[in-house]
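Scroll down for the structure; my scribbles are underneath it.
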Amino acid sequence: MTTNAPASTDFVREIVAQDLRTGKHGGRVATRFPPEPNGYLHIGHAKSICLNFGIAQENGGVCHLRFDDTNPAREEVEYVESIQEDVRWLGFDWGAHLYYASDYFEQLCQYAVQLIQDGKAYVCSLSPQEIREYRGTLTEPGRDSPHRTRTVAENLGLFQRMRAGEFPEGAHVLRAKIDMASPNLNLRDPVLYRILHAQHHRTGGVWCIYPTYDYAHPISDAIEGITHSICTLEFEAHRPLYDWLLEQLPVPSHPQQIEFARLNVSYTLMSKRKLLQLVEQKHVSGWDDPRMPTISGLRRRGYSPEALRDFCERIGVAKRDNVVEFALLEHCLREDLNRRAARVMAVLHPLRVIIDNYPEHQVEQVDSVNNPEDSSMGSHTIPFSRVLYIDREDFQEDPPKGFFRLSPGREVRLKDAFYVTCVGVVKDEQTGAPMELHCTYDPETRGGRSADGRVVRGTLHWVSAAHSLPAEVRLYDHLFLSADPGADDGGAGFTQGLNPSSLEVLTQCRVEPSLAGAAPQNCYQFLRLGYFCVDPDTAGERLVFNRAVSLRDTWARVQKEQQGQPSKGQSGRAGRV
RNA sequence: UGGGGAUUAGUAUAGCGGUAGUACGUCUGACUCUGGAUCAGAUAGCCGAGGUUCGAAUCCUCGAUCCCCAGCCA
């Protein structure tokens with residue numbers, strides 16, 4: 001991974017630079033990425049990862065990976081493993097700095113005892129319902145809990161017994177004693193510890209009281225010597241509590257919390273809860289379904305770490321709510337793959353073509369450049385023979401204006417091979433659909449060039465029928481119909497907005513023989529179609545490809561225009577194919 | 001009606017009192033053995049109203065709109 005100079009600057013980096021200048025944290029920079037292991041990472045996390053690890057890298061600092069595992073009810077090892085894999089795959093390294101909030105449970109508990117001893121925390125035995133009632137509302141102050149005045153000794157005893165497992169869940173909580181009349185609801189005696197009789201994925205059954213995020217996070221940061229604790233906007237109102245706790249306790253440092261706006265991307269969702277629901281209700285095949293905005297989904301789809309990092313750099317970091325266009329993500333991928341992906345030919349909807357004047361059993365190898373953008377990638381050969389396949393949409397019997405592919409009587413170039421002219425069409429008697437084309441070829445145009453300088457408008461991709469390999473190709477479109485699927489739902493009904501045609505499976509595809517044995521995750525440009533990535537479902541003879549992103553397609557746009565559909569707006573629709 | 005944030009082209013983001021820039025998108029054109037890529041050009045913006053100032057996107061005042069907070073979630 002490249003150690004990039006601070007090419008981009010944003011308000012967070014400005015704060016860090018300023019602190020470095022003034023020596024606020026002794027010239028140190030330590031950040032942390034603190035995921036809760038309750039789901040897979042998505043591209044919104046990628047933004048945070050790039051920010052946190054990026055800032056550390058740029059300033060010779062460190063970035064910790066810390067699992068915020070304070071709620072055993074929803075956390076699993078599967079998630080902690082996938083998270084590590086995804087961060088690593090993205091290109092970042094936490095070195096020895098892998099931590100868990102659960103590493104600090106004992107310390108956290110001791111600090112809680114200290115708060116009690118200092119009269120700054122108390123055990124409250126109100127029910128959850130009552131606590132809510134006592135909290136007041138946005139406009140009315142809350143009321144003190146009747147247990148707020150318990151003695152230190154009483155609190156100590158109760159807390160001890162909470163820890164010892166003497167009470168059922170919900171019987172008591174430990175609360176900070178701050179101010180029930182605070183206009184900031186987070187300061188109205190927030191809960192610090194609750195009783196949870198659950199098996200924790202790391203500590204097992206050792207604990208039955210667990211710290212809340214509000215309590216565990218600032219202290220974990222402080223213990224690790226984090227200098228800048230970067231989080232998203234919704235925690236802004238929690239910052240006074242973050243600071244309050246660190247001021248009360250003899251912690252080794254006082255990190256600075258900085259909030260930035262989380263990423264939203266059009267046509268998709270970033271809520272882990274909703275993504276989980278898509279997985280559990282089988283709307284997608286799993287967390288790594290190529291339509292998912294998860295890092296594992298994007299990886300399977302064919303996105304490279306480079307493209308994702310580039311994207312994260314381009315979207316910037318600020319404090320206003322935002323929805324980044326999916327088109328920008330696609331642009332980043334195209335730019336990366338254009339530079340690196342080998343060009344091959346594949347026919348998605350095969351239409352048989354017979355070259356009438358080509359010798360029956362002859363086969364010849366034509367040369368094809370692997371990547372016109374990079375000559376060092378060399379070339380390979382492709383077999384040409386009498387019977388070929390081209391894509392159905394490259395032929396029209398009655399072509400509209402502007403169509404310069406194959407049609408009766410017209411000559412086109414078969415990429416890297418010969419000029420061919422359509423001399424006949426065999427049609428389905430029922431439907432009238434073309435079933436087979438007859439063409440003649442000009443032997444003088446081998447390699448796709450003619451000596452007489454005659455021009456052909458169209459160049460088509462093709463494969464040799466006998467030599468090509470069968471393949472399954474999966475085409476993807478946006479998971480949701482709406483550009484902002486998270487906006488207009490009350491919570492549960494968001495699956496109504498799912499795009500019913502977000503996945504199209506093509507099973508009759510033919511690809512050139514050089515693709516035999518292509519390894520999963522390898523990406524190719526299928527000439528004139530798009531970038532396709534070998535899916536892990538590929539095994540043995542069975543080739544499966546995912547379309548990562550289509551090529552820009554001006555003809556598809558023109559066609560839509562002709563059909564009266566404005567082509568403006570969002571790209572990424574299944575324009576071609 | 002409480003508190004905390006935010007507001008610059010379609011989208012994202014710069015601008016930190018001195019001609020409002022960049023990227024993506026969209027549209028033109030050139031070029032092309034990918035209707036790709038590339039290249040050239042175009043498009044379009046400071047939430048509003050007052051004020052301070054020689055000069056305001058930037059400072060002040062008032063207003064508008066949007067987001068977050070009433071989990072023993074994070």
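Proteins come first, then strands; the chains are lettered A, B, ... in the order of their sequence lines, and each starts at number 1. Note that this is a predicted model, so its numbers are computed, not measured.
For RNA chain B, runs of at least 3 consecutive pairs of the Watson-Crick or G-U wobble type, with both hydrogen-bonding distances under 3.5 angstrom, map to B:2-7 with B:64-69, B:10-13 with B:21-24, B:25-30 with B:38-43, B:47-51 with B:59-63.
The aromatic ring of A/Tyr213 does not sit over the base of B/A74; the criterion of centres under 5.5 Å apart with planes under 30° is not met.
No hydrogens or angles were tested; on distance alone, a donor-acceptor pair under 3.5 Å links the side chain of A/Glu373 to the base of B/G36. Side-chain N/O atoms of A/Arg413 and base N/O atoms of B/U34 include no donor-acceptor pair closer than 3.5 Å. At a cut-off of 3.5 angstrom, counting only N and O atoms as typed in the model, there is a donor on one side and an acceptor on the other between the side-chain of A/Glu14 and the base of B/C16. Residue A/Arg74 places a side-chain atom within donor-acceptor reach of the base of B/C73, judged by atom type and a 3.5 Å distance cut-off alone. The base of B/G36 is not paired with the side chain of A/Arg334 by any donor and acceptor separated by under 3.5 Å. Between the side chain of A/Glu140 and the base of B/G2 there is no donor-acceptor pair of N/O atoms closer than 3.5 Å.
A cation-pi arrangement, defined by a distance under 6.0 Å to the six-membered ring centre and an angle within 45 degrees of its axis, is absent between A/Arg454 and A/Tyr419.
A/Arg457 CZ: 12 or fewer foreign heavy atoms inside a 6.0 Å radius.
Residue contacts for A/Thr137: at a heavy-atom cut-off of 4.0 Å it reaches a base atom on one of the strands shown. The residue A/Pro372 sits close to a base: some heavy atom pair falls under 4.0 Å. Contacts of A/His217 with the nucleic acid, taken as non-hydrogen atoms under 4.0 Å apart, are absent. At the heavy-atom level, A/Leu138 lies under 4.0 Å from base atoms of the strands shown. Among the atoms of the strands shown, base atoms are found under 4.0 Å from some heavy atom of A/Arg343.
Between A/Arg314 atom CZ and B/C24 atom C1' the separation is 7 Å, expressed in whole Å.
B/G41 and B/A6: their P atoms are spaced 38 Å apart (whole Å). Nucleotides B/U22 and B/C16 place their P atoms 16 Å apart, quoted to the nearest Å. Using atom C1' as the reference point in both B/U1 and B/U58, the two lie 32 Å apart (nearest Å). B/U61 sits 36 Å from B/A23 when the C1' atoms are compared, rounded to a whole Å. Taking atom P on both nucleotides, B/A44 is separated from B/U53 by 35 Å, rounded to a whole Å. As rounded to the nearest Å, B/A49 and B/G15 have P atoms that lie 25 Å from one another. Taking atom P in both B/G4 and B/G63, the straight-line distance is 15 Å, to the nearest Å. Remark: the separation of the P atoms in B/C24 and B/A40 is 12 Å, to the nearest Å.
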